[in-house]
Amino acid sequence: MDLSCTDEEEEFRARLREWLTAALPGLPPRPDPMDWPARRAYDCGWQRRLHDAGYADVHWDASPTQRLIFLEETELAGAPYVGANFVGLLHAGPTIAAEGTAEQRARWLPPVLRGDDVWCQGFSEPGAGSDLASLRTRAVRDGDAYVVTGQKIWTSHAEVADWCELLVRTDPEAPSRHRGITWLAMPMDAPGITVRPLRTLAGSTEFAEVFLDEVRVPVENRVGEENDGWRVTMVTLSFERGTAFVGEVVACRRLLGELARAARKNGTWDDAVLRRRLGRLSAEFRALWRIVQANVSEAQATGGVPGAGGSVFKLHYSHARQELYEAAAAVLGPDSLDLGRDWTLDRLSSLSYTIAAGTSQIQRNIVAERILGLPKGR
C-alpha cells in the first residue's frame, strides 16, 4: 500500500498553503462558541471563501488523498473548522454525491459548497441510538409525499439548519429491523417540525431534539430506493467514521506539542510518568495518522467510500482523544477547571467521543464481524 503523495498532490498542497497564508489574516474575529446563529454565519462565510477560491468541492470531487491533504493543511494553518457545515460537507453531501441522482446532486450540493445551506442529522431517537435499526419515526406514502411522524434526538445543528438527512421507517412489517428504512432529505422549514435545543455539558446547544408531526416530505427527496435506507446510511456512517475526524487528529498532534511546552514552563515536565504519558500519546496519534492514510488509500482504490477500517480508526481515536485531555488536565492542574480555556471545553467535549458517530461497543462489533470475520453475537 503506497502512502506517499504524488508530485501532483504535493503541488496541490503547496498551492493550498500559499492561499491559506494570504486568506487567513483577513478573517473576522471568531464568534462566541455558544452563539450558533453567529457561528453559522462565520462558518458559512469561510465556506464561501473556499468556494470562491476553488477549494469547496475538495470533499467530493477531489481524490481521497487530496481531501486528506486539505484537512491536514487547513488544520495546521489554524483555519476555521467546518463547524455548522459539518453534516452537509462530511455526511449528507458525500452521501448524496455517492447515492443521489443527477438531479439531486445538482439541487443540493452546490448550496452546501457555497455555504448557503446547512444540514443537520436526524438519525438517533430516544429509543434508537447505538441500536439505530430500532428507529420508529414513521413515514407513510401519500401520493407524491411521505407523511412523517416521530421524534429525533441529538440532531446536530438542527436549530440553524436548512435541511435534515432523515431516517424513517417506511415498512414497519419488514422481516428485519434493518429493512424498511428510508433516507430522506427533509426541509427544516416544513410545517409540523418543532426544534428544541439541548444544552451540553460545555453549555453549547449544537444538539437538539426534533419533533415531527405529520411533516410532508416530497418523494423526490428520497435518496436511494424506498426501504433501502439502511444501505445508504452505511455509506453516510462510513464517511462519518472514516474521514470526518481527520482534521481533529492533526489538532490533537498540535495540542500535544502545546502541552509539552506548557509542562516545561510550569514544571510538570519534571514528572517522568507524565513525560512517558505524553510520549506514548504522541506515538498513538502518529499511528492514528498512519491509519488515516491507509483508510484513504483504500478508499481511493475502491471508489472513494471509506471501508470498515474507519471503525478501527474511530474506536482508537475516541479513547486516545479522551486520554489526551486527561493528560492536559494533569499538566494544567487547577487551571483545567477554567471554562474560559479552550482546552477545558475540548476536554468536556471529548467525553462524548466514545458515544458519538457510533459507540465504542458498536465499533468493536463492526471490527469483529466485518474485519476479523468473527460470528455475530446472539
Side-chain angles (χ1 to χ4, degrees), residues 3 5 9-10 12-27 29-31 33 39 42-51 53-60 62-91 93-94 115 206 239-261 281-282 284-296 299 306 310 313-314 316-318 320-322 324-325 328 341-343 345-347 349-350 353 356-357:
L3 302 181
C5 294
E9 289 162 349
E10 289 298 348
F12 172 78
R13 185 193 299 274
R15 290 196 306 273
L16 176 59
R17 281 183 179 177
E18 183 179 0
W19 180 79
L20 288 169
T21 300
L24 292 178
L27 287 181
R30 293 179 186 262
R39 288 186 64 177
Y42 182 87
D43 296 338
C44 290
W46 171 245
Q47 182 59 29
R48 186 58 187 245
R49 287 176 181 245
L50 290 172
H51 175 272
Y55 292 110
D57 62 352
V58 71
H59 298 289
W60 308 327
S63 71
T65 301
Q66 284 183 317
R67 195 176 310 145
L68 183 64
I69 291 171
F70 174 84
L71 293 170
E72 180 183 15
E73 291 299 325
T74 51
E75 180 58 44
L76 286 172
Y81 187 50
V82 290
N85 296 309
F86 185 87
V87 176
L89 284 172
L90 304 182
H91 296 181
E206 64 261 35
F239 283 110
E240 183 177 33
R241 297 163 184 168
T243 56
F245 293 111
V246 168
E248 297 186 33
V249 175
V250 181
C252 287
R253 293 178 69 181
R254 188 180 70 245
L255 173 58
L256 271 168
E258 295 176 6
L259 276 179
R261 288 189 290 273
L281 281 168
S282 178
E284 288 192 9
F285 280 104
R286 285 177 180 272
L288 278 167
W289 186 247
R290 287 303 186 186
I291 292 175
V292 166
Q293 290 178 306
N295 288 342
V296 166
F313 166 79
K314 200 276 175 181
H316 192 72
Y317 169 72
S318 298
R321 183 182 174 94
Q322 290 179 350
L324 170 63
Y325 283 102
R341 283 179 171 268
D342 290 339
W343 287 0
L345 295 177
D346 288 341
R347 183 189 180 198
S349 174
S350 75
Y353 274 63

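For clarity, every value in this text was computed on a predicted model and none was experimentally measured.
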Partner set under ring pair (Phe, Tyr, Trp, His ring centres under 6.0 Å) for F70, not counting sequence neighbours
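By the ring pair (Phe, Tyr, Trp, His ring centres under 6.0 Å) rule, F70 matches H59.
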Test of understanding: with ring pair (Phe, Tyr, Trp, His ring centres under 6.0 Å), list the residues that count as partners of W19, not counting sequence neighbours.
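W19 satisfies ring pair (Phe, Tyr, Trp, His ring centres under 6.0 Å) with W46, Y55 once adjacent residues are dropped.
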With a 4.5 Å cut-off on side-chain heavy atoms, are L68 and W289 touching?
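Yes. Closest side-chain heavy atoms under 4.5 Å.
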Tell me, do L24 and P80 make a side-chain contact under 4.5 Å, heavy atoms counted?
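Counting from C-beta outward, L24 and P80 do come under 4.5 Å.
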Do you know the tightest heavy-atom contact between [X] and [Y]?
X	Y	answer
Q47	N85	CB-ND2, 3.7 Å
A320	L288	CB-CD1, 4.1 Å
P29	Y42	O-CE1, 3.6 Å
A79	L20	CB-CD2, 4.2 Å
F12	Q66	CE2-O, 3.5 Å
L324	L255	CD2-CD2, 3.6 Å

Which residues pass the side-chain hydrogen bond (donor to acceptor under 3.5 Å, both in side chains) test with [X], sequence neighbours left out?
X	value
R15	none
R261	none
E258	none
R254	E75

With sequence neighbours excluded, residues passing side chain to side chain contact (heavy atoms under 4.5 Å, CB included) with L76:
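Partners of L76 by the side chain to side chain contact (heavy atoms under 4.5 Å, CB included) criterion, ordered by chain and then number, come out as E72, E73, V250.
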The criterion is side chain to side chain contact (heavy atoms under 4.5 Å, CB included); which residues satisfy it with A14, sequence neighbours excluded?
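Expected list: none.
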Look at the rings of H91 and F86 and say which category their plane angle falls in: under 30° parallel, 30 to 60° tilted, over 60° perpendicular.
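Plane angle over 60°, so perpendicular.
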Nearest 0.5 angstrom please: L89 CG to D43 CG, how far?
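The CG atom of L89 sits 10.0 Å away from the CG atom of D43.
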